[in-house]
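These notes are about the structure you will find just below.
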Amino acid sequence: MSPLFYALPALGGYVMLSIFFLRRPRLLHAPRVRVFCPRLGAHRGGSGERLENTMEAMENSMAQRADLLELDCQLTRDGVVVVSHDKNLTRQSGVNRDISSLDFKDLPLYKEELEVYFSPGHFAHGSDRHMVCLKDLFQRFPQTPMSLEVKEENEELIHKIADLVRHFDRNEITIWASEKSSVMKKCKAANPEMPFSFTISRGYWVLLLYYLGLLPFFPIPERFLICFLPTIINRTYFPFSSPGLNRLAAVASKWFIMRKSLIRHLEERGVQVIFWCLNRESDFEAAFSLGATGIITDYPTALRHYLDNCGRAAQAS
């Protein structure tokens, strides 16, 4: 008798079982309690409306009832954790020095205007041009959730962040974020009580499991998937220097990532899906129509306006 006689029914049964548990993950996995739900995240503190990562930007975002501040951390020569996307100050301040080569008190002011990376040709201004340390942010916004990205394997930086989070009792509302699995491993070891997001390699792994039909049967320790929205490639986000590669990346990533069934499965398992960095209403609509928890934006006022209008529309209907 042909092996296909046995293989085809087994394959069909596997596919049906996989689809069943993909749609009903709580039959296999206990749902997690969400400590906070970040609908409105402010990229670099809201870098489209005020100078990025300044206290003024954070205050402006909080005035728009931001649920999350998305930040990057660097370490000064005297061991102060500062909020800065770049390790080198040239773009931000016009000073060609690394943050790690200066003491905190010697850090230069930001330029009077900075281009908004995800809105090319648009510039942010503000009266506050000072870089801020993470400690001051924790003191000023003690209950505000924050996502802290660590870009390099700097163990001193990682441990100082972990200690600050413990000191201010922020374990549950501060997210570890990093693109690199090697960095995330050190972050989790430094403070395992903090929730953490997917690294790039872990994101690829989840996609592979999803398309193989195995995702429902594997544990997911991450609490957040902070992912770019593929439709912003070629418009505001250029991951490659080649236009052809960017076009290919846009098509491929849109096909692979923008799956409602995948996002719904992750959400039901307690993994909150957040898309970045979206600055247009059409992108807001695309992200929420997929079932995402929230959005990270440079323009918190625009996203707050969209969310409030959607809420009023829902009440009216």
Side-chain angles (χ1 to χ4, degrees), residues 32-76 78-85 99 104-105 107 110 126-150 154 156-178 184 187-197 222-224 226 270 272 274 276 293-301 303-304 307-308:
R32 295 167 172 167
V33 177
R34 296 184 176 185
V35 177
F36 61 95
C37 181
R39 298 281 283 172
L40 194 167
H43 182 243
R44 303 184 194 178
S47 62
E49 298 178 6
R50 300 292 190 275
L51 292 176
E52 65 183 55
N53 295 320
T54 59
M55 192 67 78
E56 184 181 31
M58 316 288 177
E59 294 279 6
N60 178 68
S61 294
M62 296 311 299
Q64 299 303 322
R65 309 196 305 279
D67 307 300
L68 177 73
L69 296 176
E70 186 276 337
L71 311 168
D72 306 87
C73 295
Q74 308 287 343
L75 193 67
T76 63
D78 55 341
V80 178
V81 180
V82 295
V83 176
S84 172
H85 178 269
I99 291 174
F104 179 71
K105 65 180 178 62
L107 292 174
Y110 283 117
S127 59
D128 180 7
R129 297 167 56 196
H130 294 86
M131 297 184 70
V132 297
C133 65
L134 188 62
K135 179 181 178 181
D136 287 346
L137 282 185
F138 283 175
Q139 290 176 329
R140 179 65 186 87
F141 309 111
Q143 304 302 320
T144 301
M146 300 182 191
S147 172
L148 306 180
E149 182 170 354
V150 181
N154 185 329
E156 183 183 2
L157 170 62
I158 291 170
H159 282 280
K160 283 184 176 291
I161 293 172
D163 291 342
L164 281 170
V165 169
R166 289 194 187 95
H167 178 76
F168 287 94
D169 194 22
R170 295 181 49 91
N171 288 326
E172 293 187 330
I173 61 170
T174 310
I175 306 168
W176 283 124
S178 181
M184 185 60 75
C187 290
K188 291 189 292 184
N191 190 335
E193 297 180 50
M194 292 168 57
F196 57 97
S197 61
E222 291 88 352
R223 296 294 184 96
F224 296 89
I226 302 175
Q272 300 190 67
I274 305 170
W276 62 264
T293 300
I295 289 169
I296 291 174
T297 182
D298 289 310
Y299 297 94
T301 301
L303 181 51
R304 171 50 56 199
L307 291 170
D308 289 349

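Along the sequence shown, the residues carry numbers beginning at 1. These numbers come from a predicted model, not from an experiment.
Using a 4.5 Å heavy-atom threshold, the side chains of I161 and L157 count as touching. Side-chain atoms of D67 and F36, non-hydrogen and from C-beta on, never get closer than 4.5 Å to each other. Side-chain contact between D308 and R65: present, with at least one pair of heavy atoms (C-beta onward) separated by less than 4.5 Å. Taking the side chain as every heavy atom from C-beta outward, L71 and L137 approach each other to under 4.5 Å. The shortest distance between side-chain heavy atoms of H43 and T297 does not fall below 4.5 Å. Residues C37 and T293 have side chains in contact (heavy-atom distance under 4.5 Å, counting atoms from C-beta outward). Between L75 and I99 there is no side-chain heavy-atom pair separated by less than 4.5 Å.
Heavy atoms only, all atoms of each residue included: S147 and L68 are closest at N-CD1, 3.7 Å. G45 approaches N53 most closely through the heavy-atom pair N-OD1, 4.2 Å. Counting all heavy atoms, side chain and backbone alike, L51 lies closest to A57 at O-CB, 3.4 Å. Residues S197 and M184 approach most closely at O-CE, 3.5 Å, considering heavy atoms. Heavy atoms only, all atoms of each residue included: W176 and N191 are closest at NE1-O, 3.1 Å. What you find for R170 and F141 is that their closest heavy atoms are NH1-O, 3.1 Å.
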Listed pairs under 3.5 Å, donor-acceptor, residues 127-134 side chains, sequence neighbours left out:
{"from": "S127", "atom 1": "OG", "to": "E56", "atom 2": "OE2", "distance (Å)": "3.1"}
{"from": "D128", "atom 1": "OD1", "to": "H130", "atom 2": "N", "distance (Å)": "3.0"}
{"from": "D128", "atom 1": "OD1", "to": "H130", "atom 2": "ND1", "distance (Å)": "3.4"}
{"from": "D128", "atom 1": "OD2", "to": "M55", "atom 2": "N", "distance (Å)": "3.3"}
{"from": "D128", "atom 1": "OD2", "to": "E56", "atom 2": "N", "distance (Å)": "3.2"}
{"from": "R129", "atom 1": "NE", "to": "Y110", "atom 2": "O", "distance (Å)": "2.6"}
{"from": "R129", "atom 1": "NH2", "to": "Y110", "atom 2": "O", "distance (Å)": "2.9"}

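Distance check, rounded to the nearest 0.5 Å: OG of S61 to CG of D298 gives 9.5 Å. Between M146 atom CE and I173 atom CD1 the span is 7.5 Å, to the nearest 0.5 Å.
Side-chain contact of H85 with D72: a donor-acceptor pair under 3.5 Å is absent, judged by distance alone.
For the pair E70 (side chain) and I296 (backbone), a donor-acceptor distance under 3.5 Å is absent. Listed for the Q64 side chain is no donor-acceptor partner under 3.5 Å among the backbone atoms of L303. Put simply, the side chain of R304 never gets that close to the backbone of A66: no donor and acceptor are under 3.5 Å apart. Side chain of R39 to backbone of I295: no donor-acceptor contact under 3.5 angstrom is found.
Ion pairing between E59 and R140 holds under the 4.0 Å rule for side-chain N and carboxylate O. Between D163 and R166, at least one side-chain N (NZ, or NE/NH1/NH2) sits under 4.0 Å from a carboxylate O, which counts as a salt bridge.
Not counting sequence neighbours, the partners of Q139 by the side-chain contact (heavy atoms from CB on, under 4.5 Å) test are K135, D136, F168.
Within a 6.0 Å sphere centred on CG of D169, other residues, nucleotides and ligands contribute 12 heavy atoms or fewer.
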For side chain to side chain contact (heavy atoms under 4.5 Å, CB included), just list the numbers for I274 and F224, CA-CA rounded to whole Å, side-chain angles, deciding distance to a tenth of an Å, and then say yes or no. CA-CA 7 Å; I274 305 170; F224 296 89; 3.9 Å; yes

